[in-house]
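Side-chain atoms are counted along with the backbone in the values below, which use heavy atoms only and exclude waters and symmetry mates.
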Amino acid sequence: MIEKECSILILSRDASVRQAYLTSVFFRKYWADCPYTLYLCTQEMVPEDNKYDKVIYTDKNMEWGGRLQKALEQIESEYVILCPEDDFLQSTVNTEAIHRCIEYAKENNVGAIRLCPPMLFTKPYNKEYDIVPEESIYRLVLHPMLFEARYLRKFAEKKYTPWQFEREGSAYSREMNELVFCSKMPLYNSVHAWSRGMWTQEGYQFLVKSNIDRSLYDFAKVYPFYMKCRDDIIIFIIKTMPHLSTKLQKCRKNTDEKKLKM
């Protein structure tokens, strides 16, 4: 059965229930013919207008990695598209293209494929995909990625925080023989809409353009331009001096993880 082939998992929490609702709104708009089960993994709260096929409840004290592990214990599909609650689809998903992506993963020992470029540190591989080398500090990212479920469970067992999933999980992936790719074409074209308790400029503009009821997003500020400039500088440092950037971020790790644990 095709629903056993893949599932879509939106990993959320009580504090992000409004973002999770908007994710479901755009998902139903831009992937109306999705044949796969759309899961919401949350703590205790769900959107009042629940557009998800299934909800996996945890509890208010369960952190990110624990929620991921519990969700995967209840998902039976061979592949999982893992998405954060603050990445909103912005164009129509081609179901057949997703199916071909899954078939490619099956046939080529692929652990994960990022579904929308660009991605740091990739190298050309073939006409459809760029490969993410083993030495990359970002092999796993918290943007929509297709995972072999068995592969993703190995990371879920670590009960990482989001920061650890991207950095320590990427390092851990070097111990496995599965390949990691990034699609050259946007197969799941989404807007990263939320950062540090604020709407990103891109996300806010997308919400306005989409004529979303302002009450659904006017509860938070928009990410200021000076912070965006700072982030661009950080990205430049990561690109040019990746290992130095890792050391610098580890110095901030304890503070950051207090914010990201939930």
Side-chain angles (χ1 to χ4, degrees), residues 1-12 16 19-20 22-42 51-56 64-65 67-108 110-119 128-130 132 138-156 162 165-166 169 173 178-193:
M1 297 176 66
I2 194 167
E3 60 265 28
K4 296 294 184 181
E5 178 180 67
C6 185
S7 302
I8 297 90
L9 173 60
I10 308 300
L11 198 57
S12 186
S16 302
Q19 291 92 326
L22 289 168
T23 291
S24 70
V25 169
F26 292 115
F27 186 93
R28 297 306 182 188
K29 177 179 180 179
Y30 290 113
W31 201 354
D33 66 345
C34 179
Y36 309 125
T37 301
L38 177 63
Y39 287 88
L40 173 67
C41 180
T42 184
K51 299 181 183 297
Y52 290 88
D53 296 317
K54 294 185 180 180
V55 177
I56 298 171
W64 188 91
R67 296 199 301 276
L68 175 61
Q69 184 180 40
K70 184 167 183 177
L72 293 175
E73 289 171 354
Q74 299 185 41
I75 292 176
E76 298 179 356
S77 60
E78 187 176 359
Y79 287 84
V80 176
I81 297 175
L82 177 64
C83 305
E85 74 276 48
D86 55 6
D87 266 48
F88 302 155
L89 267 175
Q90 62 177 338
S91 63
T92 301
V93 176
N94 184 325
T95 300
E96 181 56 34
I98 295 291
H99 176 72
R100 289 196 300 268
C101 182
I102 293 170
E103 289 301 306
Y104 183 85
K106 289 179 181 179
E107 295 168 2
N108 293 277
V110 175
I113 300 176
R114 177 164 177 172
L115 298 177
C116 189
M119 186 171 177
E128 295 180 307
Y129 300 101
D130 293 326
V132 188
Y138 279 122
R139 294 191 87 205
L140 309 181
V141 294
L142 288 179
H143 295 285
M145 290 191 79
L146 172 75
F147 286 91
E148 182 190 25
R150 182 180 58 181
Y151 181 75
L152 184 56
R153 289 188 181 100
K154 296 177 183 178
F155 302 96
F165 180 80
E166 290 195 329
S173 73
E178 288 89 347
L179 302 175
V180 179
F181 290 103
C182 178
S183 173
K184 289 180 181 289
M185 297 296 293
L187 302 180
Y188 190 105
N189 186 19
S190 63
V191 176
H192 180 223

Taking every non-hydrogen atom, the tightest pair across [X] and [Y]:
{"X": "T42", "Y": "R67", "value": "O-CD, 4.0 Å"}
{"X": "I8", "Y": "C83", "value": "CG2-SG, 4.4 Å"}
{"X": "Y129", "Y": "C101", "value": "OH-CA, 3.4 Å"}

Are [X] and [Y] close enough that some pair of their side-chain heavy atoms sits under 4.5 Å apart?
{"X": "L9", "Y": "L68", "answer": "yes"}
{"X": "L140", "Y": "E166", "answer": "no"}
{"X": "L40", "Y": "S24", "answer": "no"}
{"X": "I113", "Y": "Y79", "answer": "no"}
{"X": "L82", "Y": "F155", "answer": "no"}

Report yes or no: does [X] contribute a side-chain atom to a donor-acceptor pair with the main-chain N or O of [Y] at less than 3.5 Å?
{"X": "D86", "Y": "A193", "value": "no"}
{"X": "T23", "Y": "E85", "value": "yes"}
{"X": "R28", "Y": "K51", "value": "yes"}
{"X": "S77", "Y": "S7", "value": "yes"}
{"X": "R153", "Y": "L72", "value": "yes"}

Next item on the list: Could you go through the side chain to side chain contact (heavy atoms under 4.5 Å, CB included) check for M119 and D130 one step at a time?
Entry: CA-CA 9 Å; M119 186 171 177; D130 293 326; over 6 Å; no
Note to self: Distance alone, cut at 3.5 Å: any donor-acceptor contact between the side chains of E5 and Y36?
What the structure shows: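 A pair is found: one side chain offers a donor N or O, the other an acceptor, under 3.5 Å apart.
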Next item on the list: Sequence neighbours left out, what passes side chain to side chain contact (heavy atoms under 4.5 Å, CB included) with K54? Give chain and number order.
Entry: T37, Y39
Drop me the distance from [X]'s [atom1] to [Y]'s [atom2], to the nearest 0.5 angstrom.
{"X": "K70", "Y": "L11", "atom1": "NZ", "atom2": "CG", "value": "12.5 Å"}
{"X": "C6", "Y": "L146", "atom1": "SG", "atom2": "CG", "value": "5.5 Å"}
{"X": "I10", "Y": "S16", "atom1": "CD1", "atom2": "OG", "value": "12.0 Å"}
{"X": "F181", "Y": "R139", "atom1": "CZ", "atom2": "CZ", "value": "9.5 Å"}
{"X": "N94", "Y": "R100", "atom1": "CG", "atom2": "CZ", "value": "6.0 Å"}
{"X": "L187", "Y": "H99", "atom1": "CG", "atom2": "NE2", "value": "13.5 Å"}

Next item on the list: Evaluate the side chain to side chain contact (heavy atoms under 4.5 Å, CB included) criterion for residues S183 and Y188: first the C-alpha distance (whole Å), next the side-chain angles of each, then the deciding distance (0.1 Å), finally the verdict.
Entry: CA-CA 10 Å; S183 173; Y188 190 105; over 6 Å; no
Next item on the list: Quickly, which of Y30, F27, F26 forms a ring-ring contact (aromatic ring centres under 6.0 Å, His included) with F88? Name it, please.
Entry: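 Among the candidates, only F26 passes.
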Next item on the list: Show your working on side chain to side chain contact (heavy atoms under 4.5 Å, CB included) between R114 and M145 and close with a plain yes or no.
Entry: CA-CA 4 Å; R114 177 164 177 172; M145 290 191 79; 4.1 Å; yes
Notebook entry, point to check: Is it true that atom CD of E103 has more than 12 heavy atoms of other residues, nucleotides or ligands lying nearer than 6.0 Å?
Noted result: yes
Check: Listed by chain and number, what are the side-chain hydrogen bond (donor to acceptor under 3.5 Å, both in side chains) partners of Y104, not counting sequence neighbours?
Finding: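 Scan of Y104 (side-chain hydrogen bond (donor to acceptor under 3.5 Å, both in side chains), adjacent residues dropped) gives N126.
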Margin query: Among residues at least two apart in sequence or on other chains, which ones pass side-chain hydrogen bond (donor to acceptor under 3.5 Å, both in side chains) with R150?
Written below: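 Result, side-chain hydrogen bond (donor to acceptor under 3.5 Å, both in side chains) vs R150: E148.
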Item checked: Worked check of side chain to side chain contact (heavy atoms under 4.5 Å, CB included) between T95 and W31 -> CA-CA 8 Å; T95 300; W31 201 354; 2.8 Å; yes
